[in-house]
Amino acid sequence: MVVDKKKKIMACLVAAIVILCSLTHVRSDASNHRYKEGDDVPLYANKVGPFHNPSETYRYFDLPFCSPAHMQEKKEALGEVLNGDRLVVAPYKLEFLKDKESEIVCKKKLKQEEVSQFRAAVSKDYYFQMYYDDLPLWGLLGKFDKEGKDDPSELKYYLFKHLHFDILYNKDHVIEIIVKSDPDALLDLTEDKEVDVEFTYSVKWKETETPFEKRMEKYSQISSLPHHLEIHWFSIINSCVTVLLLTGFLATILMRVLKNDFVKYTHDEEAVDDQEETGWKYIHGDVFRYPKYKSLFAAALGSGTQLFTLAIFIFLLALVGVFYPYNRGALFTALVVIYALTSGIAGYTAASFYCQLEGQNWAEFQAPCRTAKFPREIPSLPWYRKTLPQMAMAGFLPFSAIYIELYYIFASVWGHRIYTIYSILFIVFIILLVVTAFITVSLTYFQLAAEDHEWWWRSFLCSGSTGLFIYGYCLYYYHARSDMSGFMQTSFFFGYMACICYGFFLMLGVVGFRASLFFVRHIYRSIKCE
């Protein structure tokens, strides 16, 4: 019955993933992206915000731009809403194949507070983002000029009044769009006073041979440049060397040590039955004693298993090409939907494991040794065998295998870079799992050899400690590798990364515990326990 339930859960997940793949592609209003000359192709204004604070974004018309009489908003999918997209039709008319020269958007008198609002935006390097036939475009709102002066109060602030759109097309498809600001059409914002402004734009259409199917490739080429690929492959090679050295070292040590242990314990059993036991065999009556806070432990295992399953499905979708650049909200949609669908995995894993520990209704816990009635006293251990030093050792090696790749992930999530090399990321993820499992098994063995039988929580905490190292990297990235500032961006960054690192803690904790549990069961099955 348990097997049937698992099959049903997996079948439902696979069906849901297939449906999700068909829903995550965001489409334009013209579903086939085909247009005739003179057709209206809407330009959607999305958001504005400081360039160095990507999470701090506002609606486009929160600034006093030329706004239409009736605001027309685009219907958005779940992922677009979660991504912070708020698309409204911009006041620029870009009809298909229609060139324009200096079209007027509007004439208006900026009030003193509106001038101040624009000046504050320009001083923070505000950018705008728009979409045209699902193609993204960006531009800066203005510029400030020091004019050789060091005093910030003497800076000159200017707003760009004219935008020029270069649009490439192939037959009846839009292929590419680029927006440029006219450096000569400037509005002085330096003084707080009312000022008249005329916003204008121009459009130039050019034919290209690039096929419609390849129009998104330009956005993924940046991360595929030779220089970036060299760094990525250096990261892979570095991680692989770490894994090979660590795996070889641990395998050699553990095999030789365990072989000697098995020989010793077998000889002791044949020689003197009442000889005093030492090492990890000595605690065979306590090693499978259930941990404290069983319900919390089971819940952590359930949540970690769910997150591990979520990560696997996300990688599968990424590898088949669902998350192509600027498929707005596809990743967020997938995360929310798959997380909801895999909640059953968390509940099933937590409940079944808890019932095994309690010994009620479900199969009994598969322990090769009987647990003694009274627990043995744990001998005094040196400081480096305590929980915190062990966590530091266990988390450092897995983190060292992924830290190079972390920069590119952070630059994509918290910056304006585009990350598309999911195959390399998946390899790094596998390496992370392997290193975590091996280092946790090694530390578990040394813990048992020291006659410390409380390995359940220790194995989970040690393997999950990589999440703490990742959060430590967040501090470094924020201060040394980014230009983020302000309370809003700082709270977003550290708040969200705390949640993400906690997720890594739970997921890797499950990996380490499962590996340790398999190892402990194996070695105690190999000896005679009474």
Side-chain angles (χ1 to χ4, degrees), residues 254 257-258 260-262 264-266 268-269 272-302 304 349-394 437 439-465 506 509-530:
L254 287 179
V257 171
L258 284 174
N260 293 335
D261 288 346
F262 289 144
K264 176 178 179 296
Y265 292 148
T266 302
D268 290 345
E269 291 171 0
V272 183
D273 290 339
D274 60 351
Q275 183 175 350
E276 183 179 358
E277 298 174 340
T278 58
W280 53 268
K281 185 184 179 183
Y282 175 69
I283 59 173
H284 65 81
D286 296 275
V287 71
F288 292 104
R289 188 178 302 280
Y290 298 148
K292 299 177 181 178
Y293 313 109
K294 294 188 290 291
S295 59
L296 177 61
F297 190 74
L301 288 180
T349 303
S352 62
F353 195 83
Y354 182 78
C355 288
Q356 290 179 45
L357 298 184
E358 289 296 314
Q360 299 174 357
N361 300 329
W362 296 64
E364 294 297 328
F365 187 76
Q366 299 175 3
C369 302
R370 288 182 298 177
T371 301
K373 186 175 182 180
F374 300 102
R376 294 181 184 269
E377 183 179 357
I378 299 175
S380 178
L381 300 174
W383 66 270
Y384 55 86
R385 288 188 180 273
K386 301 293 184 181
T387 301
L388 290 179
Q390 296 282 293
M391 290 176 63
M393 286 188 286
I439 193 66
T440 308
V441 166
S442 303
L443 293 177
T444 299
Y445 169 78
F446 292 126
Q447 180 183 356
L448 298 179
E451 301 178 3
D452 181 358
H453 56 79
E454 295 181 347
W455 62 274
W456 301 69
W457 274 110
R458 178 76 67 83
S459 63
F460 189 92
L461 294 174
C462 285
S463 53
S465 62
L506 293 176
V510 167
V511 173
F513 169 74
R514 291 294 184 182
S516 297
L517 178 61
F518 175 82
F519 170 76
V520 172
R521 279 175 171 165
H522 174 73
I523 63 173
Y524 280 95
R525 271 198 200 100
S526 304
I527 63 172
K528 180 181 178 182
C529 298
E530 297 180 355

Pairwise distance [atom1]([X]) to [atom2]([Y]) - rounded to 0.5 angstrom:
| X | Y | atom1 | atom2 | result |
| --- | --- | --- | --- | --- |
| K292 | W457 | NZ | CH2 | 12.0 Å |
| T440 | L517 | OG1 | CG | 13.0 Å |
| F297 | F353 | CZ | CZ | 5.5 Å |
| I283 | E454 | CD1 | CD | 10.0 Å |
| M393 | C462 | CE | SG | 8.0 Å |
| Q390 | L443 | CD | CG | 5.0 Å |

**Request:** Not counting sequence neighbours, which residues clear ring-ring contact (aromatic ring centres under 6.0 Å, His included) with W456? List them please.
**Result:** F365, F513
Once side-chain contact (heavy atoms from CB on, under 4.5 Å) is applied, do any residues pair with [X], and if so which ones, sequence neighbours excluded?
| X | answer |
| --- | --- |
| A300 | F460, L506 |
| A450 | L381, R385 |
| A515 | A437, V441 |

**Prompt:** Is any side-chain heavy atom of V520 less than 4.5 Å from a side-chain heavy atom of F288?
**Reply:** yes
**Asked** Side chains of S459 and T444: does their closest heavy-atom pair fall under 4.5 Å?
**Response** yes
Closest approach of [X] and [Y], non-hydrogen atoms and distance?
| X | Y | answer |
| --- | --- | --- |
| A298 | A350 | O-CB, 3.3 Å |
| P291 | L357 | CD-CD1, 4.5 Å |
| L461 | M391 | O-CE, 3.7 Å |

**Prompt:** Taking only residues two or more places apart in sequence or in another chain, which ones pass salt bridge (Lys or Arg N to Asp or Glu O under 4.0 Å) with R289?
**Reply:** D286
**Fill in**
Applying salt bridge (Lys or Arg N to Asp or Glu O under 4.0 Å) to D452 and not counting sequence neighbours gives R458
